[in-house]
Amino acid sequence: MKLHLFLSIILFCSYAIGHTQVEIIVDLNSIHKVGDIDIFEREKWITTHAVTDGHDWKGDRDKLKYLTQDLDVYFGRSTGLLQYYSTLIEEDPNKKGYADLESIKEVADLYKRNYAQKTEIHYLEKGNIIRAAQQQPYFPNGENPMKNGNWFFSTEDTESRPLGTAAAEYQAHFINHFYGDGGKSGAKRPTYYEVMNEPLWPYIDMEMHGPASIKDLFKYHKTVADVLHRKVKGLQVGGFCTAFPDLDKNGFNQWEERWKLFIDEIGPSMDFYTIHLYDFPIYGKKELYRKGGRNEATMDMIEHYNYLKYGEIKPWIISEYGAQTHNLNRSGWSSLRDWYNVEAFNAMLMQFLDRPNTILRAIPFGIPKAEWGFNKNENVPYASRLLRKKSEPKKYKGDWIWTDFISFYKQWSEVKGKRLFATSSDVDVQVQSYFEKNELFLILNNIDEEEQHVHLQLQGDYQIVNQSFKRLYLKNEKTAYDQKESKKIVDEVVLQKGETIVLKYVFNEIIQPKILTKEYKQYAKEFKLPIKNEALLLHFDTPNNIQNIKKTAKLRLGIGRDKSVSSFPVKILLNGQFLDLIKDYRGDMQKDRDYFFSLLEIPFDSDLLKAGENTIEVFFDKEGGFITSTALIYYTEN
C-alpha cells in the first residue's frame, strides 16, 4: 500500500474515535528553504559548551571521543582561557596599564607547545569555536587586577584611546599569538568572539566587581570590537551577551535602557548579537519560562528594530540556552534537575531551527565537569554538567559518568539532511523534518501543559520499510530516554508534556522532492506601537514575487501588556478582510510573571496579500501596553 493512501485511511479512522488531535503534515515533495539555508547544519545546532583540550576531559578522553565521534557533537564555546592566562601576563614596563607583548608571546608559545604535544586529541577538533572574555580583569574600572593583583588595565578614555583600548589590544594579541590552524600548529583560531560574558548581570544587576555603568560597558564593547576588527584578520565579534533578557521589565524600560541603546550606539560595530535564553522552571514557587512565545517576541523585537534602523537582520549567536534550576541546586545532582535542562534544550532548539538563516550557532549550556564551580560552603557541585561522580548525590566520589544531559545528544545523533516543508495544526506541538537519501527524520516536541494526541500525515508516493523512535520524556520524576523500532507503521503518537520524539523512517527508494518552497519574513514599517482604543495600523511592502505564493502564510504579533487586560486582539483586518483569530500562544501564558510578553502567530490565506503595500489593522478591547513587533511570513513555490 502506498504511503499517502495508507495514512489517509488510518487518519480517517482515528478521527472517528473522537480524540482531540493535532495534525502534522510533512510534504515529501517539497524542500523548505529559509534564506539560503535548506539543510540541517550539525555544526551549528548539535554543540557542547566545551573545547577539544579542555581540562575537564583529562582522564576521560574516551567520553570525549564518544561525544564527538559516536554522537557527532561539535565543540562550541569557552570562556575561561583568557582569564586563566591573564594571571601570567606581565605589564609593559614602558606603557603603564598595557600588557607586555613579549610576555604574551612567551606564554602563548608555551600554550601552543603544550597543545601540539596532545596528538591524541587533534583528530577530535570539530566546530568553529566561540571564545568569550569574562568580566574580570578586562573592564577597566581600577578594581579588576591582572597578574595576581600586580597591575590593572588602563582606564584612560580619550578620542585616540577610548575606554578599554589597553584590554582590547591585549585580547587582539592573545588571539593572534595563542592559536594556530589546528593540530601541531596549535589550537584552531576561534571564528567568533564575544566581547564579554554576561556583562550587565554582575556589574549592573548585582553590583559586583566595582563601579560600572551601562553606557561605559557598551562603550567598552565598541572599543574591543573596533580594535579586534583592525588587528585580527577574519574574526567575527559580537555582544552584548545578555544573561536574562526581560525586555518588558518596568514597562519596557529595560528595552530602552539596554538593547535599544546597544543597537543605537554599538550595533554597527557588531558582526552578530549574542544572547542567553534560560527557563526558570522551579524558581521559588514560580515557573518562569522563555521557551515558546517569549523567546519569539524577544528575538523578533530586536530583529525588527535593527532592520528598521540599519536595513538588515543582524545574525544571532545563542551562546547559552537551557534552564536555571534554582530550587534544586543545593540538594545536589538529580535526574529531575537534568530533565528541566534537556526539556528546555529540545523546546528551544526546535524554535531556533526556524531561524537557520539568522542564527550562526546555538550552544546548550552544560559544562563537562565544572569542578571550578563546586560550592565548598554548601558542599554541592555545579548544576549544569555533562558528567557527574558515580556516587552523587550522596557523595562526591567515584568515576565520572554521564548525567542525563547525554540523552539530548543521543536523541539528535542521527538527524541530518535537507529540510522538508512540515506543518503543525497546534503551535504547542513543534515540528521539524529532514531527509537524507531514503531516510526521513521527523522531530516532534510538545510545549503544551497537557499531553497531545498527534496524527502524522506524510504526503508523498513512497513505501515505508522501517520506522524507529527516540523518545525523551519525564517519568516518575526522572529523565526517561527510550529508543526502539516499530514493526508496524504508526501514524498516531501521544506526546507527554515536555516530550520530544525523533522518528526515523526508512523508505523503499530515495526521496526526490520536486518543489522548492522558499520562506520569506518581512517586518512592518511601524515598531513598538502603543495600544490604544482605536485601530492600530501596520504597513508592509510585499515584493512582486507574490504571484508564486503558497496558500499558507502567517502574521506574527509581539504583544506586551499588563496582565489585568486581555493579551489577545479582538479583531484583525488584513487589507480590509477579517482574519480568523487564534487564542493560543506558543508555550505558556506566563501566569507567574508580573507582565505578559509573548508572540501571537496567526495563519491566514495568502490570497489576502497583494503586491505592493499591505495594511493590517489591529483592535484591542482596552488600551495599554504595546505591539512590540510585527512580521509577515509567506512562502513561494518553484
Side-chain angles (χ1 to χ4, degrees), residues 43-44 47-58 61 64 68 73-90 92 98-134 137-138 146-147 153 164 166-197 223-239 241 270-272 274 317 319 360-361 363 367-368:
E43 182 176 333
K44 178 186 290 187
T47 58
T48 180
H49 199 286
V51 291
T52 318
D53 63 328
H55 178 76
D56 277 7
W57 298 116
K58 187 176 180 180
R61 294 238 169 89
L64 176 63
T68 58
V73 178
Y74 288 76
F75 293 113
R77 182 174 186 251
S78 171
T79 64
L81 192 70
L82 273 81
Q83 189 174 41
Y84 169 74
Y85 280 102
S86 70
T87 64
L88 306 179
I89 304 299
E90 302 284 354
D92 187 332
Y98 283 73
D100 181 67
L101 181 55
E102 293 307 312
S103 176
I104 293 173
K105 290 179 179 179
E106 182 180 340
V107 176
D109 287 344
L110 175 63
Y111 174 68
K112 284 197 287 190
R113 286 198 303 270
N114 288 339
Y115 187 88
Q117 293 171 6
K118 299 176 182 178
T119 55
E120 71 278 7
I121 66 170
H122 292 166
Y123 80 101
L124 298 174
E125 295 171 336
K126 293 179 67 175
N128 293 321
I129 300 299
I130 304 164
R131 288 288 181 183
Q134 287 289 5
Y138 306 105
M146 289 277 283
K147 186 66 175 174
F153 279 124
E169 290 189 1
Y170 162 69
Q171 291 168 69
H173 290 316
F174 186 99
I175 295 167
N176 282 330
H177 293 289
F178 269 71
Y179 296 101
D181 298 316
K184 291 186 177 181
S185 70
K188 289 178 66 176
R189 180 177 295 201
T191 304
Y192 307 108
Y193 190 81
E194 291 177 287
V195 174
M196 189 184 293
N197 179 50
T223 301
V224 173
D226 291 348
V227 169
L228 291 177
H229 283 139
R230 288 198 305 269
K231 293 180 176 291
V232 184
K233 185 178 178 180
L235 184 69
Q236 295 188 50
V237 185
C241 200
M270 296 290 106
D271 296 304
F272 56 87
T274 176
I317 283 183
S319 54
L360 300 172
R361 303 296 299 281
I363 316 293
I367 306 296

With sequence neighbours excluded, what pairs up with Ala108 under the side chain to side chain contact (heavy atoms under 4.5 Å, CB included) test? His177, Phe178
Can you give me the closest heavy-atom contact between Leu228 and Leu235, atom names plus distance? CD1-CD2, 4.2 Å
Just jot down the side-chain hydrogen bond (donor to acceptor under 3.5 Å, both in side chains) partners of Thr68, sequence neighbours excluded, or say none. none
Going by the rule side chain to side chain contact (heavy atoms under 4.5 Å, CB included), which residues pair with Asp56 if we only count those two or more places apart in sequence or in a different chain? Ile367, Pro368, Lys369
For residues 171-190, which residue pairs pass the salt bridge (Lys or Arg N to Asp or Glu O under 4.0 Å) check, not counting sequence neighbours? none
CE of Met146 to CD of Gln83: how many Å apart, nearest 0.5 Å? 10.5 Å
Let me confirm one number: the OH-CG distance from Tyr85 to Leu110, rounded to the nearest 0.5 Å. 6.0 Å
Applying salt bridge (charged side-chain N to carboxylate O under 4.0 Å, His left out) to Arg77 and not counting sequence neighbours gives Glu194, Glu320
The criterion is side-chain hydrogen bond (donor to acceptor under 3.5 Å, both in side chains); which residues satisfy it with Tyr193, sequence neighbours excluded? Gln171
Taking the side chain as everything from C-beta on, heavy atoms only, tell me whether Asn176 gets closer than 4.5 Å to Val232. yes
Taking C-beta and beyond as the side chain, do Phe174 and Ser86 meet within less than 4.5 Å on heavy atoms? no
Could you work out, with salt bridge (charged side-chain N to carboxylate O under 4.0 Å, His left out) as the rule, every residue matching Arg61, not counting sequence neighbours? Glu120
Between Thr274 and Gly238, what is the shortest heavy-atom contact and its length? CG2-C, 4.0 Å
Residues in side chain to side chain contact (heavy atoms under 4.5 Å, CB included) with Ala99, at least two apart? Ile89, Ile104, Trp151, Tyr170
Measuring only between side-chain heavy atoms, which start at C-beta, is Trp57 closer than 4.5 Å to Ile121? no
What's the verdict on side chain to side chain contact (heavy atoms under 4.5 Å, CB included) for Tyr74 and Thr48, showing C-alpha distance, side-chain angles and the deciding distance? CA-CA 6 Å; Tyr74 288 76; Thr48 180; over 6 Å; no
Not counting sequence neighbours, which residues clear side-chain hydrogen bond (donor to acceptor under 3.5 Å, both in side chains) with Asn114? List them please. none
Atom OH in Tyr192, atom CD1 in Ile317: separation rounded to 0.5 Å? 5.5 Å
Counting only heavy atoms not in Lys118, do more than 12 sit closer than 6.0 Å to its NZ atom? yes
Please report the interatomic distance OG1(Thr52) to CD1(Ile129), rounded to the nearest 0.5 Å. 5.5 Å
Distance in Å, Thr223 OG1 paired with Glu169 CD, rounded so as to fall on 0.5 Å steps: 10.5 Å
OG1 on Thr79 to CD on Gln134, rounded to 0.5 Å: 4.0 Å
Side chain to side chain donor-acceptor pair (under 3.5 Å) contacts in which one or both residues fall within residues 123-132, not counting sequence neighbours: Glu43-Asn128, Asp72-Lys126, Ser78-Arg131, Tyr115-Glu125, Asn128-Thr191, Arg131-Tyr179
Atom of Gly76, atom of Arg361 and distance for their closest heavy-atom approach: CA-NH2, 3.9 Å
Which pairs pass side chain to side chain donor-acceptor pair (under 3.5 Å) with one or both residues in residues 103-112, sequence neighbours excluded? Asp53-Tyr111
Side chain to side chain contact (heavy atoms under 4.5 Å, CB included) involving His229 - partner list, sequence neighbours excluded: Ala225, Val237, Asp271
